[in-house]
Amino acid sequence: MEKVCCRRLAGYEPTAVRGALEAVLAPVLAHCGGVAGKRVMIKPNFLEYRKPDDPACVHPVMLTGLCALLRDAGAADVAVIENPAVRTAPAIAAAMGVAETLASLGVRVENCRRYERTAMPETCLFKQLEVAAEFREYDLVIDFAKAKTHAMMTLTLAVKNLFGLIRGSERLGWHLAVGRDYGKFADLLLDLYTLVRPQISLLDAVIGMEGNGPGSGEPVALRFVAAATDALALDAFAAAVLGAPDIPVLTRARERGMMPEFETCGEVPAIRPVVLPEPPAPTLAWGVWFPVKLREFLRRRMVARPVLDAAKCVGCGLCVSKCPPQTLKMRSGKPRFDYPGCIRCYCCQEYCPQGAITSGKTRFMRLADGLEKLLRRGRTGD
């Protein structure tokens, strides 16, 4: 039976953070046999750190608090290892203002460097992935996620956080390969989770992100921290608390018979549901019998697409450099979308430093929404 432990936490005051981490990690560490004498790898969510208390990343106080706790518990070696999309992990730690503190604790901050093309377990749907080899070199892996919305996966929690272990160029390739099939992308994440199986998953949900996540949404006070012995168990718990229990990763995990049984302990918060991004794709199963060209025609018109707010855009071109199919081009200093070639992976939206790209409905979708409202109004008599 897996364990999920939760503790309310109002803010990032260091003493309160330390107490909350001790409370949620104590039963989880006991389940794993503790950390004394062990080498521990922390895989944090380091998307980007552009401003103080940026909710796109795990909070600096949470990170230093976790590392101090592990050191005090006797961990022989602690390393923070990540592969951020834009900057290096040491650069993000420096931007957070924690590089010196971590160094004083004897904690290394490194980018993933050694990648191996790995044959996957038999239960996996994807047979090979090129994954950072570092996770095999430690006695304990801590998957340290941030509670955020995500344009493609609805929420990014512990399972999605493991995607950072795939080589950057491979990540673009997988977006290109499965970018339009969100169930298939969820399968990819689940296969990665099956391979890595972090012994501990930790979620910073004190200040999360809602709306245009995972990089440009709005901060939202969630006021809790949670830890678990299993990433899927933590995701199931957190997604229910956040008001989105049927995110793609959990839906596919249930369909594949992967959901673990778990028990909860501690304080389960009661919060309002977070504001989710526009759903990237409605279910088109009703159209599976259509000819291929007609299905593709409908898919292009029934799937939300990235939309540029030109007033916010500064023309940095980062979205263009991160576009997997390279269909996004700069024109007159602004990115221009080639929607027929767009795979709806939302890499542009994820990496935009200004929050200038959002997920928007097509005219066809808005027309369908209006028609549905009329039909519902007619049925209810409103």
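Everything numeric in this text was worked out from a predicted model, so none of it was measured.
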Should Arg256 and Asp191 count as an ion pair when the cut-off is N to O under 4.0 Å?
yes
State, yes or no, whether a side-chain contact exists between Phe126 and Leu192 at a heavy-atom distance under 4.5 Å.
no
So CZ of Arg336 and CE of Met330: to nearest 0.5 Å the spacing works out to 11.0 Å
Could you go through the salt bridge (charged side-chain N to carboxylate O under 4.0 Å, His left out) check for Lys3 and Asp230 one step at a time?
CA-CA 7 Å; Lys3 293 182 179 293; Asp230 181 86; over 6 Å; no
So, Asp235 and Tyr193: side-chain donor and acceptor under 3.5 Å apart, yes or no?
no
Between Phe163 and Ile92, is there shared hydrophobic-cluster membership here, with clusters defined by ILVMFWY side-chain heavy atoms closer than 4.5 Å?
no
Full working for salt bridge (charged side-chain N to carboxylate O under 4.0 Å, His left out) between Arg39 and Asp139:
CA-CA 5 Å; Arg39 302 183 69 232; Asp139 302 308; 5.9 Å; no
Strictly below 4.0 Å, N to O, side chains only: are Glu48 and Arg87 in salt-bridge contact?
yes
Looking at Glu134, Glu110, Glu82, which hits salt bridge (charged side-chain N to carboxylate O under 4.0 Å, His left out) with Lys43?
Glu82
Looking just at side-chain N and O atoms, do Tyr182 and Asp187 make a donor-acceptor pair shorter than 3.5 Å?
no
Within a radius of less than 6.0 Å around CD of Gln128, do more than 12 heavy atoms belonging to other residues, nucleotides or ligands occur?
yes
Using a strict cut-off of less than 4.0 Å between a Lys/Arg side-chain nitrogen and an Asp/Glu carboxylate oxygen, indicate whether Glu210 and Arg272 qualify as a salt bridge.
yes
Rounded to the nearest 0.5 Å, what separates atom CG in Leu202 from atom CG in Leu21?
6.0 Å
Do the side chains of Asp72 and Arg18 get nearer than 4.5 Å, heavy atoms only?
yes
Salt-bridge criterion met for Arg7 and Glu267 (N-O under 4.0 Å):
yes
Looking at side-chain heavy atoms only, is the closest gap between Lys148 and Asn45 below 4.5 Å?
yes
Could you tell me if the side chain of Ile81 sits less than 4.5 Å from the side chain of Asn111, heavy atoms only?
no
Spacing of Thr64 atom OG1 and Glu100 atom CD [to the nearest 0.5 Å]:
13.0 Å
Do Asp77 and Val40 have side chains that get closer than 4.5 Å, going by heavy atoms?
no
Give, for atom CE of Met209 and atom CG of Leu47, the distance between the pair rounded to the nearest 0.5 Å.
7.5 Å
For residues Val58 and Pro44, report the shortest heavy-atom separation together with the two atoms involved.
CG2-CB, 4.0 Å
Flag the pair Lys184 / Leu188 as yes when at least one side-chain heavy-atom distance between them is below 4.5 Å, and no otherwise.
no
Taking the inter-plane angle between the rings of Tyr12 and His59 on a 0 to 90° scale, is it parallel (under 30°), tilted (30 to 60°) or perpendicular (over 60°)?
parallel
Closest non-hydrogen contact found for Leu70 with Ile42 is CD1-CD1, 3.9 Å
Nearest heavy-atom neighbours spanning Tyr49 and Asp53:
OH-N, 2.9 Å
Would Leu232 and Val159 count as a side chain to side chain contact (heavy atoms under 4.5 Å, CB included) if you check the C-alpha gap in whole Å, the side-chain angles of each, and the deciding distance to 0.1 Å?
CA-CA 6 Å; Leu232 260 179; Val159 172; 4.1 Å; yes
Rounded distance (nearest 0.5 Å) linking atom SG of Cys319 with atom CG of Leu308:
7.5 Å
Could you tell me which non-hydrogen atom of Cys6 sits nearest to which non-hydrogen atom of Val24, and how far apart they are?
C-CG1, 3.7 Å
Looking at Arg254 and Asp246, is there a salt bridge between them, counting it only when a charged N and a carboxylate O are closer than 4.0 Å?
yes
Rounded distance (nearest 0.5 Å) linking atom OG1 of Thr194 with atom CE of Met120:
7.0 Å
Hey, does Ile200 have a side-chain heavy atom less than 4.5 Å from the side chain of Val141?
no
Check: Asn212/Gln349 side-chain N/O donor and acceptor closer than 3.5 Å
yes
Distance alone, cut at 3.5 Å: any donor-acceptor contact between the side chains of Glu2 and Thr229?
yes
Indicate yes or no: at least one non-hydrogen side-chain atom of Leu157 is less than 4.5 angstrom from one of Leu234.
no
